[in-house]
**Q** 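One structure coming up, written as structure tokens, with questions to follow.
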Amino acid sequence: MSIKVEIWGDYACFSRPELKVERVSYEIMPPSAARGIIEAICWKPAIRWVIDEIQVCSPIRYENIRRNEVNSKASVKKQYIAASTDRAQRASLILKNVRYVVTAHFEMTNKAKERDNEGKFADMVKRRLRSGQYYHKPCLGVREFPAEVRLIENGKEAPQPILESRSLGLMLYDIDYVKNNDDEVTAFNPTFFMAEMENGVIDLRNVKVMR
């Protein structure tokens, strides 16, 4: 079952993993970020979302900002960060006024139960998109940049992709999580692909994924 959604926002930051200190965004939304936004609206163990196509509908524009971050993560024992020395201000190269049209489909997983079927989940995701429901607020890379999402249905007008073609280089495709018999994540393996934009469209249906 395939859906098409429009995703937009004032700012976005899809951080390149090879740059560790200062955040630099990819030029476009990577497939893993698109999948994360759709899963924020409708995620179930019985289905797995696959991104088929990303259309870039606004010119790619960057902006430099400085953001307050912390140098360590909160743990169970340390649920807050009090020391001023643990805080840091870092530069970020982010995207401004982004708009995408994402085409995606879901596949049934081995966790699907006897009563689960494609029609059931197709109705569920459309209903949640129409009513603006989500499990957690979808974001454009980082939580302070919220994403707006709407379902594009038959007969509804969709924004057109930009008439620009370029090679976007090596880009994160997704992350494969390795789990044990208790369904706990024990490791993760990032996968990449060579991104090519043709007239504003990144076709992911036959992409070659690299580890």
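Everything quoted here is computed from the prediction, not taken from an experiment.
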**Q** Flag yes if I94 and L168 sit in one hydrophobic cluster, no otherwise; membership is Ile, Leu, Val, Met, Phe, Trp, Tyr, and two members link when side-chain heavy atoms are under 4.5 Å apart.
**A** yes
**Q** Is the closest basic N to carboxylate O distance between R99 and E148 below 4.0 Å?
**A** no
**Q** Is it true that E27 and R166 make a salt bridge, defined as a side-chain N closer than 4.0 Å to a carboxylate O?
**A** yes
**Q** For V101, which fellow cluster members are found when Ile, Leu, Val, Met, Phe, Trp and Tyr are connected by side-chain heavy-atom distances below 4.5 angstrom, either directly or through intermediates?
**A** I152
**Q** Report the distance from atom CG of L170 to atom CZ of F192, rounding to the nearest 0.5 Å.
**A** 6.0 Å
**Q** With a sphere of 6.0 Å drawn around CZ of R61, does it hold more than 12 non-hydrogen atoms of other residues, nucleotides or ligands?
**A** no
**Q** Check salt bridge (charged side-chain N to carboxylate O under 4.0 Å, His left out) between D176 and all other residues, then give those that pass, not counting sequence neighbours.
**A** R211
**Q** Could you give the distance from SG (C13) to CD1 (I65), rounded to the nearest 0.5 Å?
**A** 7.5 Å
**Q** Is E107 salt-bridged to R48, going by a charged N under 4.0 Å from an acidic O?
**A** yes
**Q** Are V201 and I7 co-members of a hydrophobic cluster defined by side-chain heavy atoms under 4.5 Å apart?
**A** no
**Q** Are Y134 and V5 connected in the hydrophobic side-chain network, where two residues link if heavy atoms are under 4.5 Å apart?
**A** yes
**Q** Taking all non-hydrogen atoms of both residues, which atom of I60 and which atom of I28 are closest, and how far apart?
**A** CD1-CG2, 4.0 Å
**Q** Taking the side chain from Y62 and the backbone from S25, do they hold a donor-acceptor pair closer than 3.5 Å?
**A** yes
**Q** Which heavy atom of E196 sits nearest to which heavy atom of S167, and what is that distance?
**A** OE2-OG, 3.2 Å
**Q** Show your reasoning for whether side chain to side chain contact (heavy atoms under 4.5 Å, CB included) applies to E164 and M197.
**A** CA-CA 8 Å; E164 183 178 344; M197 182 171 68; 4.2 Å; yes
**Q** What are the two closest non-hydrogen atoms of P31 and L204, and how far apart are they?
**A** CG-CD1, 3.7 Å
**Q** Return yes if some donor-acceptor pair links the side-chain N/O of T109 with the main-chain N/O of P45 below 3.5 Å, else return no.
**A** yes
**Q** Using 0.5 Å steps for rounding, measure from the OG atom of S92 to the CD atom of E22.
**A** 7.0 Å
**Q** List the atom of N199, the atom of P161, and the distance in Å for their closest heavy-atom pair.
**A** O-CB, 3.7 Å
**Q** What pairs with C42 under side-chain contact (heavy atoms from CB on, under 4.5 Å), at least two apart in sequence or on another chain?
**A** M124, V125, R128
**Q** Which pair of heavy atoms, one from D52 and one from A104, lies closest together, and at what distance?
**A** OD2-C, 3.7 Å
**Q** Applying side chain to side chain contact (heavy atoms under 4.5 Å, CB included), run through L129 and I41 and close with a yes or a no.
**A** CA-CA 7 Å; L129 282 165; I41 296 164; 3.6 Å; yes
**Q** I'd like to know if W43 and L140 are part of one continuous hydrophobic network [Ile/Leu/Val/Met/Phe/Trp/Tyr, side-chain heavy atoms within less than 4.5 Å].
**A** no
**Q** Between R23 and R90, is there a side-chain heavy-atom distance shorter than 4.5 Å?
**A** no
**Q** Going by side-chain contact (heavy atoms from CB on, under 4.5 Å), name the residues that satisfy it together with Q160, two or more places apart in sequence or in a different chain.
**A** none
**Q** Is there a side-chain contact between Y100 and V56 (heavy atoms, below 4.5 Å)?
**A** yes
**Q** Could you give me the CA-CA distance, side-chain angles and deciding distance for T191 and M210, then say whether side chain to side chain contact (heavy atoms under 4.5 Å, CB included) is met?
**A** CA-CA 6 Å; T191 58; M210 298 170 283; over 6 Å; no
**Q** Quick one: ring pair (Phe, Tyr, Trp, His ring centres under 6.0 Å) partners of W49, sequence neighbours excluded?
**A** F106
**Q** Show the numbers, then the answer: is there a side chain to side chain contact (heavy atoms under 4.5 Å, CB included) between V207 and M194?
**A** CA-CA 8 Å; V207 70; M194 293 301 297; over 6 Å; no
**Q** How long is the gap from CG on L172 to CZ on F14, to the nearest 0.5 Å?
**A** 12.0 Å
**Q** With heavy-atom distances below 4.5 Å as the criterion, would you say the side chains of E63 and Y11 are in contact?
**A** yes
**Q** Can K96 and D10 be counted as an ion pair, charged N to O under 4.0 angstrom?
**A** no
**Q** Under the side-chain contact (heavy atoms from CB on, under 4.5 Å) rule, collect the residues that match up with D116, sequence neighbours excluded.
**A** A46, M108, A112, K113, K120, F121
**Q** Just verifying a value: how many Å separate I54 CD1 and I202 CD1, rounded to the nearest 0.5 Å?
**A** 6.0 Å
**Q** Going by side-chain contact (heavy atoms from CB on, under 4.5 Å), H105 matches just one of V50, I3, I51. Which one?
**A** V50
**Q** Answer yes if L151 and V149 sit in the same cluster of Ile, Leu, Val, Met, Phe, Trp and Tyr residues linked by side chain heavy atoms under 4.5 Å apart, and no otherwise.
**A** yes
**Q** For E18, does the CD atom sit with more than 12 other heavy atoms under 6.0 Å from it, leaving out its own atoms?
**A** yes
**Q** Which pair of heavy atoms, one from R16 and one from Y26, lies closest together, and at what distance?
**A** NH1-CD2, 3.4 Å
**Q** I'd like to know if K126 pairs up with E153 as an ion pair, taking the criterion as any Lys NZ or Arg NE/NH1/NH2 lying under 4.0 Å from an Asp or Glu carboxylate oxygen.
**A** no
**Q** To the nearest 0.5 Å, how far apart are OG in S58 and CD in Q55?
**A** 12.0 Å
